[in-house]
Enquirer: 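Structure below; questions to follow.
Scope of the values below: all heavy atoms of this structure, side chains included, with no hydrogens, waters or symmetry mates. Note that this is a predicted model, so its numbers are computed, not measured.
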Amino acid sequence: EPFYMEQVMDTGLIEVALQYNGGFYETTLAFANCINTQDGGSHVTGFRAALTRALNDHVRKQKLIKEDVPNLSGEDVREGLAAVISVKLVDPEFEGQTKAKLGNPEVKGQVETVVAEGLEYWLEEHPHEARRIIDKCLTSQKARDAARKARDIVLRKNALDGGSLPGKL
């Protein structure tokens with residue numbers, strides 16, 4: 001089930017819609033005053049921080065992972081995510097002539113606050129969907145850790161095979 005919220009702020013309007021799918025890639029579309037900001041900007045940064053924080057808070061509150069396990073990373077929570085972020089501002093500041101990146105620093109905190117509060121509430125109200133999202137994130141975390149361990153083993157073997165030491169000492 002998709003998550004949608006909108007919030008009117010003093011500086012404008014914030015709208016966010018997101019849904020998880022079975023894929024492995026993140027698809028995030030960001031808009032500022034109906035202009036596609038394909039390079040992201042402060043609104044995307046705030047959204048990503050809020051998403052990671054809300055899911056980690058939910059996981060810890062529901063005790064779905066042990067205390068000694070590290071938090072989910074941003075990559076873990078964004079795997080399989082399709083999201084649209086739209087902000088409407090009175091005075092938008094874009095970086096560069098192409099308007100590909102939003103530069104308003106105050107928007108980051110506003111988006112982060114609004115999305116975190118809305119998502120935490122949604123996760124509490126939809127426990128079945130929340131559990132499926134958390135399971136996907138935990139699977140992503142385990143796969144990332146296994147890939148890192150395999151890479152370390154391969155690098156360690158190559159370092160020992162270097163031949164810089166003589167055959168007999």
Side-chain angles (χ1 to χ4, degrees), residues 1-62 64-65 70-126 129-145 147-148:
E1 183 177 325
F3 164 77
Y4 171 78
M5 65 163 305
E6 68 177 72
Q7 180 77 36
V8 178
M9 304 295 284
D10 358 335
T11 58
L13 174 72
I14 298 170
E15 288 181 286
V16 174
L18 63 92
Q19 184 175 20
Y20 279 88
N21 56 47
F24 300 106
Y25 301 103
E26 170 193 11
T27 305
T28 302
L29 301 174
F31 299 91
N33 288 6
C34 299
I35 298 170
N36 186 4
T37 54
Q38 62 259 21
D39 291 344
S42 54
H43 56 319
V44 175
T45 305
F47 167 74
R48 287 179 174 168
L51 180 70
T52 305
R53 187 180 74 198
L55 287 173
N56 277 316
D57 289 350
H58 185 73
V59 165
R60 295 291 178 189
K61 191 186 316 178
Q62 299 295 323
L64 297 174
I65 59 175
N71 280 342
L72 299 168
S73 73
E75 292 174 1
D76 297 335
V77 300
R78 291 192 310 264
E79 184 175 295
L81 175 72
V84 179
I85 307 148
S86 175
V87 293
K88 293 189 173 71
L89 305 168
V90 177
D91 188 24
E93 297 172 9
F94 294 100
E95 295 180 10
Q97 290 291 323
T98 59
K99 297 184 177 182
K101 189 172 184 179
L102 183 67
N104 294 52
E106 70 277 1
V107 173
K108 177 188 178 289
Q110 292 173 350
V111 170
E112 188 171 349
T113 303
V114 168
V115 171
E117 289 174 1
L119 194 55
E120 286 171 5
Y121 177 75
W122 187 86
L123 290 169
E124 292 292 327
E125 293 295 314
H126 299 85
E129 288 89 352
R131 181 62 193 202
R132 290 179 59 199
I133 291 169
I134 298 300
D135 287 345
K136 182 168 180 60
C137 295
L138 291 172
T139 302
S140 173
Q141 182 184 43
K142 289 175 188 170
R144 185 176 45 85
D145 287 344
R148 182 183 45 79

Enquirer: Rounded to the nearest 0.5 Å, how far apart are OG1 of Thr52 and CG of Asn71?
Expert: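 Answer rounded to 0.5 Å: 9.5 Å.
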Enquirer: In the structure I gave you, are the side-chain heavy atoms of Leu13 and Gln7 within less than 4.5 Å of one another anywhere?
Expert: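 Not in contact.
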Enquirer: Does Lys108 form a side chain to side chain contact (heavy atoms under 4.5 Å, CB included) with Phe47? I'd like the steps, not just the answer.
Expert: CA-CA 8 Å; Lys108 177 188 178 289; Phe47 167 74; over 6 Å; no
Enquirer: From Ser42 OG over to Asn104 CG, what is the distance, rounded to the nearest 0.5 angstrom?
Expert: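 Reported value, rounded in 0.5 Å steps: 5.5 Å.
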Enquirer: With side chains defined as the heavy atoms from C-beta onward, is the minimum distance between Leu55 and Ile133 less than 4.5 Å?
Expert: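 With C-beta onward as the side chain, the pair touches.
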Enquirer: Could you tell me the separation between the CZ atom of Arg148 and the CZ atom of Arg144, rounded to the nearest 0.5 Å?
Expert: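 Arg148 atom CZ to Arg144 atom CZ measures 7.5 Å (nearest 0.5 Å).
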Enquirer: Just so I know, are the side chains of Glu129 and Gln19 near enough to count as touching, which here means a heavy-atom distance under 4.5 Å?
Expert: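 They are not in contact (no side-chain heavy atoms under 4.5 Å apart), so the answer is no.
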Enquirer: Would you indicate whether the side-chain heavy atoms of Val16 and Val84 approach each other to under 4.5 Å?
Expert: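 They are not in contact (no side-chain heavy atoms under 4.5 Å apart), so the answer is no.
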Enquirer: Ignoring hydrogens and geometry beyond distance, is a side-chain donor-acceptor pair present between Thr37 and His43 at under 3.5 Å?
Expert: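 Per modelled atom types, Thr37 and His43 side chains form a pair under 3.5 Å.
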Enquirer: Has Asn56 got a side-chain atom pairing as donor or acceptor with Leu72's backbone, closer than 3.5 angstrom?
Expert: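 It does hold such a pair.
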Enquirer: Output all residues satisfying side chain to side chain contact (heavy atoms under 4.5 Å, CB included) with Val44, sequence neighbours left out; order by chain, then residue number.
Expert: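 With neighbours one apart ignored, the set is Ala30, Arg48, Ile85.
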Enquirer: Do the charged groups of Glu15 and Lys88 touch, with an N to O distance under 4.0 Å?
Expert: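 Yes, Glu15 and Lys88 are salt-bridged.
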Enquirer: Determine yes or no for a side-chain-to-main-chain donor-acceptor pair under 3.5 angstrom, with Asp76 supplying the side chain and Ser73 the backbone.
Expert: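 Checked: pair present.
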Enquirer: Taking the side chain as everything from C-beta on, heavy atoms only, tell me whether Leu81 gets closer than 4.5 Å to Leu18.
Expert: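 Leu81 vs Leu18: side chains touch.
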Enquirer: Decide yes or no on side chain to side chain contact (heavy atoms under 4.5 Å, CB included) for Gln110 and Thr11, but give the supporting numbers first.
Expert: CA-CA 9 Å; Gln110 292 173 350; Thr11 58; 3.0 Å; yes
Enquirer: First locate atom NZ of Lys136, then atom OH of Tyr20, and finally report the distance between them rounded to the nearest 0.5 Å.
Expert: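 The NZ atom of Lys136 sits 9.0 Å away from the OH atom of Tyr20.
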Enquirer: Do Gln141 side-chain atoms and Pro70 backbone N/O form a donor-acceptor pair below 3.5 Å?
Expert: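 Answer holds: yes.
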Enquirer: Taking atom CG of Asn21 and atom CD of Glu26, what is their separation to the nearest 0.5 Å?
Expert: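 Here the interatomic distance stands at 11.0 Å.
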Enquirer: Sequence neighbours left out, what passes side chain to side chain contact (heavy atoms under 4.5 Å, CB included) with Arg131? Give chain and number order.
Expert: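 Per chain and number, Arg131 pairs via side chain to side chain contact (heavy atoms under 4.5 Å, CB included) with Leu64, Asp135.
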Enquirer: If you draw a 6.0 Å radius around CD in Glu75, do more than 12 non-hydrogen atoms from other residues or ligands fall strictly inside?
Expert: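 Open: at most 12 neighbouring heavy atoms sit under 6.0 Å from CD of Glu75.
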Enquirer: Find out whether Leu102 and Pro92 are in side-chain contact, i.e. whether some heavy atom of one side chain is under 4.5 Å from a heavy atom of the other.
Expert: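 Yes, close enough: below the 4.5 Å cut-off.
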Enquirer: Check the surroundings of atom OH in Tyr4: do more than 12 heavy atoms from other residues, nucleotides or ligands lie under 6.0 Å from it?
Expert: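 More than 12 within 6.0 Å, yes.
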Enquirer: Just checking Arg60: does its CZ atom have more than 12 heavy atoms from other residues, nucleotides or ligands closer to it than 6.0 angstrom?
Expert: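 Counting neighbours around CZ of Arg60, more than 12 heavy atoms of other residues, nucleotides or ligands fall under 6.0 Å, so yes.
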Enquirer: Verify, without hydrogens or angle tests, whether His58 (side chain) and Ala54 (backbone) share a donor-acceptor contact under 3.5 angstrom.
Expert: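 No; judged by distance alone, with no hydrogens or angles, the pair does not exist.
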Enquirer: Taking the side chain as every heavy atom from C-beta outward, state whether Ile14 and Met9 have any pair of such atoms under 4.5 Å apart.
Expert: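 Yes, their side chains come closer than 4.5 Å.
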